[in-house]
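Lettering of chains follows the sequences in order, A, B, ..., and the numbering in each one begins at 1. Note that the structure is predicted; figures quoted are calculated from it, not measured.
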Amino acid sequence: MNIIHNVKEQLVAALKRAATAARQAGILEFTELPDFVLEVPREKARGDFATNLALVLAAQVKKPPRRIAEALLQYLELPRPGVAEAEIAGPGFINFKLEPRFFLQALPAVLRLGESYGCSNMGKGEKVQVEFVSANPTGLLHMGNARGAALGDAIANILAAAGYEVTREFYINDAGNQIENFALSLEARYLQALGVEAEIPADGYHGQDLVETVNRFIEQVGDKYLNADPSLRREMLVSFALEEKLAGIRQALEDFGVYFDVWFSEQSLHDSGAVAQTIADLQRAGYVYEKDGALWFKATAFGEGKDEVLVRSNGLPTYFAADIAYHRNKFERGFKRIINIWGADHHGHVSRLKSALAALGLEVDRLEIVLMQLVRLFQGGEILRMSKRTGQYVTLQELVEEVGRDAARYFFVMLKPDSHLDFDLDLARSQSAENPVYYVQYAHARICSILRLAADRGIDLPEPATVNLELLREPPEQELAKKIAEFPEVVAGAARSLEPHRLTRYAHDLAELFHVFYTECRVLADEPDLRAARLLLVLATRITLRNVLNLLGVTAPERM
RNA sequence: GCGCCUGUAGCUCAGCCGGACAGAGCAGCGGCCUUCUAAGCCGCGGGCCGCAGGUUCGAAUCCUGCCAGGCGCGCCA
């Protein structure tokens, strides 16, 4: 059920036939039909669709584009019913106008589909995994993680709507050097709390949160590990702290409306031998050598600038080695598309990882990495530096408290991932009421208000099949219906490109057209048939608004 | 030095698989509430699309070179 998609396909086919017919008649000479587009023109006065076919043909045909367009029109059979007229404009575009009531057909179907309006079977049920956030479990979530959470969750939602079977995964970096540091820092705090002099490593974790964590640890076990074997002491501290930190992360994400299907432990890859196995397989493939007591991956064989260490001279595998094993594991789990949402500071890692996966004989094209640029925080005109070690950062929890979940999520998803994001805290606090998300939510609340009033007055909701759509003759009514009809195309486009910000654009445009309609047309009119038709339009708008907000992880309030 | 990202209205950003006069929000100015929520609607002002070349019938969009900002180039993760 996608009337726009259907009519576009018909038009494209008709255009191809027209070009072929003109060639056979000897009017247009060309060897191969070039790629052309059929798109919605920016200026709505130009019609509903426009094609540049005559323009792109000009290179081969060697005639003025407008002349070519004339020839095409001569042989073009317009799909009917649907397309009302075609005309040549500008340098040689062909503009098409649909019959005014064409888009109104979509309305009954929207009501029938309800929550699933906008969904498609594009993904054909293929398994896709989206891994995102994957924050270090040694602290709290910061603004960069928040952006990743909003973005990753929206992408996962959109893919699910487009017919993929989606798994959301959080990779827990619970191994390696940082955990060592974490352990030493915890140990120092533990000893300090028990009155023993101890120092946190220079590059350790100095945040106040560890003091509190250690205090809770002491409430449970007291000074039991004061004189214990240091490695046991650290192990107990780490396992306690990680559990607590992860629970906090999970809670913060849930408060942000983000849930994961799988929490995948890096340590489990070491424990299961997967890391060792991966290194051995790379070795067998001939891409590993030893130098200075370490094992190196021959990344230069894949065009990289330099080789990478897999196993350090102290015998411990690197994060890189574990990440290769992790991604191999993803392939083994059968995902057709493997999508990672990474901060731009990891971009150097992308091609290295892909090289290693190629060395293992895996189809690297199945791995898609969305790099998002980092978030810079401003306060009082100054940059706030974020650092786990110094404990100075604004957390996701604070963000949600300050600006609200809906506003924060909308804001993060509104920007394309490539854009650097300067987040002005003062602005976010003061302007939260002017956030564009309210514009969209307000449209939804207004609709609910109309429906409440209708119920109060004992007005029945229309039966879609019996509504006379012909009564919707006003331009705002038809434009709103057209925008509603576009929704499935927009979702599919966002899924293809992994660009959720297309949906915030769409949501804004839809809300705008509704507000105009609301101002111009009275829904609860006296005339029952017109009222029923407008109620149908309003109900379809509500469904579409709700569905698009849902995909973005933003609530659709009934009152504001 | 090398690599990736960004540079569009006062501010924050769309548009960038080339196309028809460059768009939106916020901020500014002026109108609109006796009937469904004014968190709204209508109108106005505001832009050498970082700079310079090139390709093209046509460039914000593609190519090259500069300039500016961010990030990366660890036996860190």
Side-chain angles (χ1 to χ4, degrees), chain A residues 35 37 39 41-43 46 50 52 55-56 58-59 64-65 89-93 95 134 136 138 173 175-181 203 266 291-296 304-306 308-320 322-323 343-352 371-374 376 383 411 414-424 427 431 433-443 445-454 456-457 476 497 501-502 504-505 508-509 511-512 514-526 531 534-535 538 559-560:
Chain A
D35 288 339
V37 294
E39 60 186 1
R42 217 171 284 192
E43 292 285 322
R46 297 200 174 103
N52 64 348
L55 292 156
V56 295
F93 289 98
N95 294 340
S134 298
N136 283 334
T138 51
N173 300 129
N177 253 348
Q178 56 168 357
I179 294 297
E180 285 302 305
N181 255 327
D203 56 349
E266 177 186 350
K291 192 182 87 179
D292 302 332
L295 280 187
W296 295 72
E304 297 298 313
K306 58 188 189 58
E308 296 292 327
V309 172
L310 291 168
V311 181
R312 293 185 282 249
S313 52
N314 64 7
L316 295 175
T318 58
Y319 168 84
F320 180 53
D323 216 26
D345 53 341
H346 286 66
H347 90 258
H349 190 58
V350 173
S351 58
R352 293 203 292 273
L371 284 178
M372 51 166 194
Q373 296 299 319
L374 303 182
R376 282 195 308 173
I383 299 177
F411 188 74
M414 198 168 61
L415 270 43
K416 63 171 191 269
D418 282 342
S419 58
H420 301 261
L421 197 153
D422 289 343
F423 200 102
D424 188 324
L427 207 67
Q431 287 203 342
E434 276 94 50
N435 193 298
V437 71
Y438 295 108
Y439 184 78
V440 180
Q441 291 182 316
Y442 185 53
R446 270 183 148 178
I447 290 171
C448 294
S449 171
I450 294 171
L451 297 176
R452 277 192 301 270
L453 192 66
D456 286 350
R457 293 186 187 169
S497 61
H501 72 273
R502 295 187 186 205
T504 57
R505 287 262 134 194
H508 173 270
D509 292 347
E512 178 176 42
F514 173 76
H515 286 309
V516 171
F517 160 76
Y518 181 89
T519 307
E520 303 282 325
C521 306
R522 189 166 182 77
V523 177
L524 300 179
D526 295 330
R531 186 172 64 209
R534 286 185 172 163
L535 274 170
V538 161
R559 297 171 198 272
M560 286 176 74

Out of B/G23, B/G15, B/G72, which nucleotide sits closest to the side chain of A/K416?
B/G15
Please give, in whole Å, the distance from B/A39 P to A/R446 CZ?
8 Å
Between B/A39, B/A14, B/C36, which nucleotide has the shortest distance from any of its atoms to the side chain of A/R505?
B/A14
At their closest point, which heavy atom of A/R312 faces which heavy atom of A/T318, and how far apart are they?
CG-CG2, 3.9 Å
Is the base of B/A77 touched by the side chain of A/N181 through a donor-acceptor pair closer than 3.5 angstrom?
no
P-based separation of B/C21 from B/A59 [nearest Å]:
12 Å
Select base, sugar-phosphate, or nothing to describe what A/R352 touches, counting heavy atoms under 4.0 Å on all strands.
base
Would you kindly say whether A/N136 and A/Q178 are connected by a side-chain donor-acceptor distance under 3.5 Å?
yes
How close or far is atom P of B/G74 from atom NE2 of A/H346, stated in whole angstroms?
15 Å
Please answer whether the main-chain N or O of A/G348 pairs with a side-chain N or O of A/R352 as donor and acceptor at a distance below 3.5 Å.
yes
Can you establish whether the number of heavy atoms outside A/D456 located under 6.0 Å from its atom CG is more than 12?
yes
Consider the side chain of A/D345, meaning its heavy atoms from C-beta on, and name the nucleotide among B/G70, B/G72, B/C36 that approaches it most closely.
B/G72
To the side chain of A/S313, which of B/C75, B/A20, B/G40 is closest?
B/C75
Of the nucleotides B/A77, B/C75, B/A20, which has the atom closest to the A/H349 side chain?
B/A77
Quick one: sort the A/H346 and A/H349 rings into parallel, tilted or perpendicular, breaks at 30° and 60°.
perpendicular
Among B/A20, B/A77, B/C36, which is the nearest nucleotide to the side chain of A/L453?
B/C36
Length of the NE2-C1' vector between A/H508 and B/U12, whole Å:
14 Å
Using a 4.0 Å heavy-atom cut-off across all strands, classify A/Y439 as base, sugar-phosphate, or nothing.
sugar-phosphate
Under 4.0 Å, counting only non-hydrogen atoms across every strand here, what does A/D526 touch: a base, just sugar-phosphate, or nothing?
nothing
Assign A/V516 to base, sugar-phosphate, or nothing according to its heavy-atom contacts below 4.0 angstrom with the strands shown.
sugar-phosphate
Gap between atoms CD and C1', on A/E304 and B/G72 respectively (whole Å)
13 Å
Can you tell me if A/T318 touches the phosphate of B/C76, counting only side-chain N or O atoms and a distance under 4.0 Å to OP1 or OP2?
no
When you measure from the side chain of A/T519 to the backbone N and O of A/H515, does any donor-acceptor pair fall under 3.5 Å?
yes
Using atom C1' of each nucleotide, how far apart are B/C29 and B/G46 to the nearest Å?
11 Å
For the side chain of A/N177, counting heavy atoms from C-beta on, which of B/C36, B/C41, B/C76 is nearest?
B/C76
Looking at every strand, decide which applies to A/L524 at a 4.0 Å heavy-atom threshold: base, sugar-phosphate, or nothing.
base
For A/F93 and B/A20, is the gap between ring centres under 5.5 Å while the planes differ by less than 30°?
yes
When you measure from the side chain of A/R522, which nucleotide among B/A14, B/U35, B/C71 comes out closest?
B/U35
Using the C1' atoms only, state how far B/A22 lies from B/G65, rounded to an integer number of Å.
26 Å
For A/R452 and for A/E308, find the nucleotide of RNA chain B with the closest heavy atom, then tell me which residue's nucleotide is more 5'.
A/R452
Spacing of the C1' atoms in B/A14 and B/A60 (rounded, Å)
12 Å
Using whole Å, what does the distance between atom P of nucleotide B/A59 and atom CG of A/L55 come to?
14 Å
Which part of the nucleic acid, if any, lies within reach of A/D292 when heavy atoms closer than 4.0 Å are counted: base, sugar-phosphate only, or nothing?
base
Please determine if A/K306 and A/E304 form a salt bridge, counting it only when a charged side-chain N lies under 4.0 Å from a carboxylate O.
no
Do we get A/R446 above A/Y518's six-membered ring, with its NZ or CZ under 6.0 Å from the centre and within 45° of the axis?
yes
Paired stems touching RNA chain B, three or more consecutive Watson-Crick or G-U pairs with both distances under 3.5 Å?
B:1-7 with B:67-73, B:10-13 with B:23-26, B:28-32 with B:40-44, B:50-54 with B:62-66
Just checking A/N52: base, sugar-phosphate only, or nothing, at a heavy-atom cut-off of under 4.0 Å?
base
Kindly label the base of B/C42 as syn or anti, based on whether its glycosidic torsion lies within 90° of 0.
anti
Gap between atoms CZ and P, on A/R376 and B/U12 respectively (whole Å):
10 Å
Can you figure out which of B/C41, B/A77, B/G70 approaches the side chain of A/Y319 most closely?
B/A77
Would you mind reading off the distance between A/L371 atom CG and B/G70 atom P, rounded to a whole angstrom?
19 Å
Could you check how far CG of A/L421 sits from C1' of B/U12, rounded to whole Å?
9 Å
Just to be sure I understand the rule, does A/A344 reach a base, reach only the sugar-phosphate, or reach nothing, if contact means heavy atoms closer than 4.0 Å?
sugar-phosphate
With respect to the side chain of A/H347, which nucleotide from B/C71, B/C75, B/C36 is positioned closest?
B/C71
Please work out if A/A89 contacts a base, only the sugar-phosphate, or nothing of the nucleic acid, heavy-atom cut-off 4.0 Å.
base
Sorted by position of nearest nucleotide on RNA chain B, 5' first, the leading residue of A/M414 and A/T519 is A/M414
Pairwise C1' distance, B/C5 and B/A24 [rounded to whole Å]
23 Å
Between B/G47 and B/C42, how far apart are the C1' atoms? Round to whole Å, please.
24 Å
Indicate, with a heavy-atom threshold strictly under 4.0 Å, whether A/A454 touches base, sugar-phosphate, or nothing.
nothing
Just by distance, do the side chain of A/D292 and the backbone of A/A294 share a donor-acceptor pair under 3.5 Å?
no
Looking at A/H420 and B/G69, is any side-chain donor or acceptor paired with a base atom of the opposite kind under 3.5 Å?
yes
Scan side-chain atoms only and decide if A/R559 and A/S449 contain a donor-acceptor pair under the 3.5 Å cut-off.
no
Under 3.5 Å side-chain donor-acceptor pair for A/S419 and A/Q373:
no
P spacing across the pair B/C62 / B/G72, given as an integer number of angstrom:
26 Å
Nearest-angstrom distance, C1' atom, B/A52 to B/C13:
27 Å
